[in-house]
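Comments concern the structure below.
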Protein chains: 2
Amino acid sequence: MPEQRFTSVWTREHKPRRAQQGLSREQIVRATVELLDAEGMEALSMRKLGARLGAGATSLYWHVANKNELLELAMDEVFGAVRIPDSESWREVTSNVAWGLRAAIMAHPWFTFVLGSLPALGPNAMNCSATLCAALARAGFQKHDIDYAGAAILSYTIGATAPEAAYTSALKSRGITMEQAQRDLAPAVEEAARAHPEIHARFQEAVESTIDPIAHRQLSFDFGLVSMLDGLSMRLPRSADMSADHLTK
Amino acid sequence: MPEQRFTSVWTREHKPRRAQQGLSREQIVRATVELLDAEGMEALSMRKLGARLGAGATSLYWHVANKNELLELAMDEVFGAVRIPDSESWREVTSNVAWGLRAAIMAHPWFTFVLGSLPALGPNAMNCSATLCAALARAGFQKHDIDYAGAAILSYTIGATAPEAAYTSALKSRGITMEQAQRDLAPAVEEAARAHPEIHARFQEAVESTIDPIAHRQLSFDFGLVSMLDGLSMRLPRSADMSADHLTK
DNA sequence: AATTCGCTCGCACACTGTTCGAGAATCGTC
DNA sequence: GACGATTCTCGAACAGTGTGCGAGCGAATT
């Protein structure tokens, strides 16, 4: 095995081409996102993408080295959809970024899939994480703790949203309603509950709940996010001065 | 579009076959995990898997409906590798599950990939979440908060570990050392840092750090996990009685 | 002995990502 | 204008994919 190098779209530089006519990288990426949104991950193929752009499939390979690069670019596009807040309060900044990222992932469920296989090194991803780090540094975290706290927030946000997005998009692409899925899943859960009465109680409560599933998930996300931020604020040298603003709910 | 149903390995029942000879589902799943561990996600094909079992590719389709079902089964196998702790302290139980799951994911990096595309509904996944829920209920959480808290812990654990596993396995499969990757990435980060001095400082600190990368990541994971658990314990009716045991570090 | 069942598997189909090399279109320079 | 260089497009082809179909096999049941 020869001495390999680590490559990514972001490690090669890219001249933005000379003329307006014909294909361009931005145009291709935009079409990629559209196609992914419309038909999902497994429907994306170079031939289909080419056809959508009125071009041959292999023409794309001039602008992009391979499909993975295309996915890296598309992923960063999603990070770019996160609106970066402007506020003094670190809690406001971090929770805005978290909710914004969540919204972006839910709007582009294939994101999860890409994130699981490719590293997120694009400028927009950097931007998100830089925003978090800046806010956390201002809040009073020191050195490595800044990274750790930022990573914790991003990790929770992605980990909480990704499976949710995967699930809802799997339903949508197969044309199944959420009620239908819950009905189909019931026997399997019933089976699992035989060994774990704890789960059965949870499931019963979920079925009988009057809260609709979407609100339910937002509550769940909020619960975890607030808990994480509370836990982080305990790590600040003086946490008393900031710890009140989440209690107003 | 006809009225579809939601299907999964776990929604069909499965007779465990009659004789010992020939293929069996367990055997196939075991071979799948082995192949995935050895050669990674994109190397898994039905033909290769069949060959490894000394069978034709299409023979597998008798025991498993399709490749996705196989991946669901393999994923649950990873959840099954998590050792379920036995303790009174909810903090001990939850953090043991979190660290166990983290270890399992790091040992089987393809897990991330599957989780991003398929729902985790298997018995072992249920078992993990039931363990968490039971501990949290014993700790004093009520009703929905039990789910929320359990989901928060799982979300953080998966969200923190998944990209890490994806990254390290991408390096390994391409035969790249971590130092080499950091060297290759440097210019891209440098470029990104131009706009965000915050990131540049973080990166400098990481490069100059004397802590080795693996320990660094464990520290980061621990930081977020402890923060999350601290935040959760604030939500307990009486948090005073439990809040001391993390201060011992 | 005949029949049914559980299981294996070769063939075939429609499709995939990507390489290669021939060609077209456009540019900078004379 | 003309000519060479550069930038870009794309058809053909290759090796490989998941999986439906239906012919066949051995063993258990009738």
Side-chain angles (χ1 to χ4, degrees), chain A residues 4 7-9 12-29 31-32 35-36 39-75 110 113-114 117-118 170 173-174, chain B residues 7-9 12-29 31-32 35-36 39-74 110 113-114 117-118 170 173-174:
Chain A
Q4 288 292 335
T7 60
S8 156
V9 218
R12 309 183 311 157
E13 87 267 56
H14 168 65
K15 299 179 186 176
R17 110 192 167 286
R18 63 184 180 196
Q20 281 86 332
Q21 69 220 10
L23 270 47
S24 76
R25 186 182 259 197
E26 299 83 44
Q27 192 187 4
I28 293 176
V29 173
T32 305
L35 185 54
L36 284 170
E39 308 194 31
M41 188 67 193
E42 62 272 20
L44 176 70
S45 77
M46 300 306 262
R47 283 174 240 263
K48 247 192 217 172
L49 186 58
R52 179 178 265 254
L53 287 160
T58 53
S59 305
L60 306 173
Y61 282 86
W62 178 259
H63 305 273
V64 145
N66 49 42
K67 196 184 181 182
N68 276 353
E69 280 203 356
L70 202 53
L71 291 174
E72 288 190 76
L73 292 166
M75 174 163 62
W110 45 267
F113 195 91
V114 182
S117 36
L118 267 20
S173 78
R174 293 192 244 181
Chain B
T7 61
S8 156
V9 218
R12 310 182 311 155
E13 88 266 59
H14 167 66
K15 298 180 183 175
R17 111 195 167 281
R18 62 181 181 197
Q20 281 87 332
Q21 70 221 10
L23 271 46
S24 76
R25 184 182 263 197
E26 298 83 44
Q27 192 186 3
I28 293 175
V29 173
T32 305
L35 185 54
L36 284 170
E39 308 194 31
M41 187 66 193
E42 62 271 23
L44 176 69
S45 78
M46 300 305 262
R47 284 174 240 262
K48 248 192 215 172
L49 186 57
R52 180 178 263 253
L53 287 161
T58 52
S59 306
L60 306 172
Y61 283 87
W62 179 260
H63 305 273
V64 146
N66 49 43
K67 198 184 181 184
N68 277 354
E69 280 203 357
L70 202 53
L71 291 174
E72 285 188 86
L73 291 166
W110 45 268
F113 195 90
V114 182
S117 37
L118 266 21
S173 78
R174 293 192 245 178

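Naming convention: chains lettered A, B, ... in sequence-line order (proteins, then strands); numbering from 1 in each chain. Keep in mind it's a predicted model, so treat the numbers as computed, not measured.
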- Task: List the steps, then state whether side-chain contact (heavy atoms from CB on, under 4.5 Å) holds for L73(B) with I28(B).
- Result: CA-CA 10 Å; L73(B) 291 166; I28(B) 293 175; over 6 Å; no
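Residue contacts for A57(B): at a heavy-atom cut-off of 4.0 Å it reaches no nucleic acid atom on any strand shown. L44(B) comes within 4.0 angstrom of the backbone, heavy atoms only, and of no base. Counting any heavy atom pair closer than 4.0 Å across all strands shown, T58(A) reaches a base atom.
Distance H14(B) NE2 to dC7(C) P: 9 Å, rounded to the nearest Å.
For H63(B) and dT8(C), the shortest distance from a side-chain N or O to OP1 or OP2 is below 4.0 Å. Close to dC8(D), at under 4.0 Å from its OP1 or OP2, lies no side-chain N or O of S59(A).
Annotation: side chain of E72(B) is in contact with side chain of S8(B) (closest heavy-atom distance under 4.5 Å).
Nearest-nucleotide positions on DNA chain D place G54(A) closer to the 5' end than the other of G54(A) and R47(A).
Comparing dT17(D), dC8(D), dG17(C) by their nearest atom to the side chain of W62(A) picks out dC8(D).
Each of L36(B), V9(B), V64(B), V114(B) was scored for a side-chain contact (heavy atoms from CB on, under 4.5 Å) with L70(B), with one residue passing: V64(B).
Between the side chain of R25(A) and the backbone N or O of H63(A), at least one donor-acceptor pair lies under 3.5 Å.
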